[in-house]
Visitor: 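Dumping the structure here so I can ask a few things about it.
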2 protein chains.
Amino acid sequence: MGSLIAYGRNEEIYGEGEAADFLYRVKSGCVRTCRVLKDGRRQIASFSLPGDVFGLTPGEEHTSSAEASVPSEVIAVKGSTLRSRAGVDPALAILLMGLAIAELQRTQDHALLLIKSAQERVATFLLDLAKREASNIEVRLPMSRQEIADYLGLTIETVSRTLTLLENTAAISLPTSRRVILCNRPSLSKMNV
Amino acid sequence: MGSLIAYGRNEEIYGEGEAADFLYRVKSGCVRTCRVLKDGRRQIASFSLPGDVFGLTPGEEHTSSAEASVPSEVIAVKGSTLRSRAGVDPALAILLMGLAIAELQRTQDHALLLIKSAQERVATFLLDLAKREASNIEVRLPMSRQEIADYLGLTIETVSRTLTLLENTAAISLPTSRRVILCNRPSLSKMNV
DNA sequence: CGTGCAGTTGAGCAAATTCAACGCTTGTGG
DNA sequence: CCACAAGCGTTGAATTTGCTCAACTGCACG
């Protein structure tokens, strides 16, 4: 059920203000959801990896946009159907409720992240990604430094500097800029307050 | 329906980790919900004013605590009843969904607040409070500077300094520390990006 | 009339940002 | 196949913002 759609890098899946009519599940790639302030500052609210669901939005209109961070395939399910059926199908309503609740949890965690120091934010981010990827010690970063910065509420330079700092303290190793090896989990966890 | 309970200043309504069995509506006063990091840093996730509902939590356990900012009366409704009835009562399920959705919206806005500058955070906070209170130009602050700081992700000194800065630029006036007059809304709105 | 708490103010400091330059990789056209 | 441009990431120096630490004020309450 639902239709498979492929998006290129940075291609928009939906925009802020558009009607929220679909629910999506990532099949491959990575999708970011963003909100943008009037003056152009961007906040990335979430990264959705394969298996993750996105597109559930407060209200009838999307309050954020969604774009593919890398070429991605997503499965779209028409939401108007879901919405109207939820009124008569309690099981479906509960399922949607569960999605909203999970989204709420993630958003709360994200807000909490934003009061931490730069090092703590980066460490938390890496550990979170590691938990979501199967691999235990290596993390592949499907997103650019700019996207990480916009997710963590930092600048691209600070993210870069913090990563090299973590590398210099032997907490991580960076074979390439998109691959991170977590050499010393305890020292990362110590920063994950 | 539900029972009325009165809480004193700083009295706990529920704690982090407790079973989430009730939904609450504020009748009078002001309730804060908090999360605390291991090292003691506190984030206030929300302030609930009369009429607001709080206590809806991801999962079975509260991920945040709730305390009265000032002496407050709240109406508590047993949640297990709600939860079980939501499975068979679609209208109730939709109502709960609406609450979750609204909570999600507020949490997203809070996260977005945390990437702004100190001035912008304070201005946004004041305008938000003004919208929620009936009075158009005067805002009463039911919470302390420390609570405002923990909500905005700033220190108490920065909040204080920013308020006096806004006063010096004639954007607001502070007859007492707990009362704010919004003299110049446009200049505040300009900071509300 | 003190005592204690909440809020303000000041000075110095630390963390992160800004601005700028540089290096590496990748892809493209000669 | 090489040269070169473009994009992304890193690094450095200077600056800014907000934090820390400390003192001080005003007010409420005994």
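Below, chain A is the first sequence line, B the second, and so on; all start at residue 1. What's counted below: heavy atoms across the whole structure, side chains too, no hydrogens, waters or symmetry copies.
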Visitor: Just checking, any donor-acceptor pair under 3.5 angstrom between side chains of A:Arg32 and A:Asn10?
Guide: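 A:Asn10 and A:Arg32 do have a side-chain donor-acceptor pair below 3.5 Å.
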
Visitor: Output the rounded distance in Å from CD1 (B:Ile156) to P (D:dT20).
Guide: 12 Å

Visitor: Atom CG of B:Asn168 to atom P of C:dT8: distance rounded to whole Å?
Guide: 12 Å

Visitor: Would you indicate, yes or no, if C:dA6 has its OP1 or OP2 atom less than 4.0 angstrom from a side-chain nitrogen or oxygen of B:Ser144?
Guide: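 Negative; the distance criterion is not met.
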
Visitor: Parallel, tilted or perpendicular for A:His62 and A:Tyr14, by the 30°/60° rule?
Guide: parallel

Visitor: What is the distance, rounded to the nearest whole Å, between atom CD1 of A:Ile148 and atom P of D:dC8?
Guide: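 In whole Å, D:dC8 P and A:Ile148 CD1 are 13 Å from each other.
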
Visitor: Where the side chain of A:Thr155 is defined as all heavy atoms beyond and including C-beta, which of C:dT9, D:dT10, C:dT17 is the nearest nucleotide?
Guide: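 Nucleotide nearest to A:Thr155's side chain: C:dT17.
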
Visitor: Which part of the nucleic acid does A:Arg9 contact within heavy-atom distance under 4.0 Å: base, sugar-phosphate only, or nothing?
Guide: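 Sugar-phosphate, backbone atoms only, no base.
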
Visitor: Salt bridge between A:Arg106 and A:Asp128, side-chain N to carboxylate O under 4.0 Å?
Guide: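 Salt bridge: no.
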
Visitor: Could you tell me whether the side chains of A:Glu147 and A:Ser69 share a donor-acceptor contact shorter than 3.5 Å?
Guide: yes

Visitor: Identify which nucleotide among D:dG9, D:dG18, C:dT8 has an atom closest to any side-chain atom of B:Leu154, counting heavy atoms from C-beta outward.
Guide: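 It is D:dG18.
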
Visitor: For B:Asp150 and C:dG7, give me the distance from atom CG to atom P, rounded to whole Å.
Guide: 12 Å

Visitor: As a test of reading the structure: which of C:dT8, D:dG18, D:dT10 is closest to the side chain of A:Ser177, going by heavy atoms?
Guide: D:dT10

Visitor: In whole angstrom, give the distance that lies between atom CG of A:Leu163 and atom P of C:dA16.
Guide: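 Nearest whole value for this atom pair: 14 Å.
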
Visitor: Please report, rounded to the nearest Å, how far the C1' atom of D:dA14 is from the CD atom of A:Glu157.
Guide: 13 Å

Visitor: Compute whether any side-chain donor of one residue and acceptor of the other, for A:Glu12 and A:Ser65, lie under 3.5 angstrom apart.
Guide: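 Their side chains do not contain a donor-acceptor pair, so the 3.5 Å distance test is not met.
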
Visitor: Where the side chain of B:Arg178 is defined as all heavy atoms beyond and including C-beta, which of C:dA6, C:dA16, D:dT11 is the nearest nucleotide?
Guide: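 Ranking C:dA6, C:dA16, D:dT11 by closest atom to the B:Arg178 side chain puts C:dA6 first.
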
Visitor: With a 3.5 Å cut-off and just heavy-atom distances, do the side chain of A:Arg161 and the base of D:dG12 make a donor-acceptor pair?
Guide: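 Result: at least one qualifying N/O pair found.
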
Visitor: According to a strict under-4.0 Å criterion, is B:Ser160 in side-chain N/O contact with OP1 or OP2 of C:dT8?
Guide: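 Answer is yes, contact under 4.0 Å.
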
Visitor: Measure the distance from CG on A:Leu166 to C1' on D:dT11 and round it to the nearest whole Å.
Guide: 16 Å

Visitor: A:Leu141 CG to D:dT10 C1': how many Å, rounded?
Guide: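 Rounding to the nearest Å, CG of A:Leu141 and C1' of D:dT10 are 15 Å apart.
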
Visitor: Would you indicate, yes or no, if C:dT8 has its OP1 or OP2 atom less than 4.0 angstrom from a side-chain nitrogen or oxygen of B:Arg145?
Guide: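 Checking C:dT8 against B:Arg145, a side-chain N or O does come within under 4.0 Å of OP1 or OP2.
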
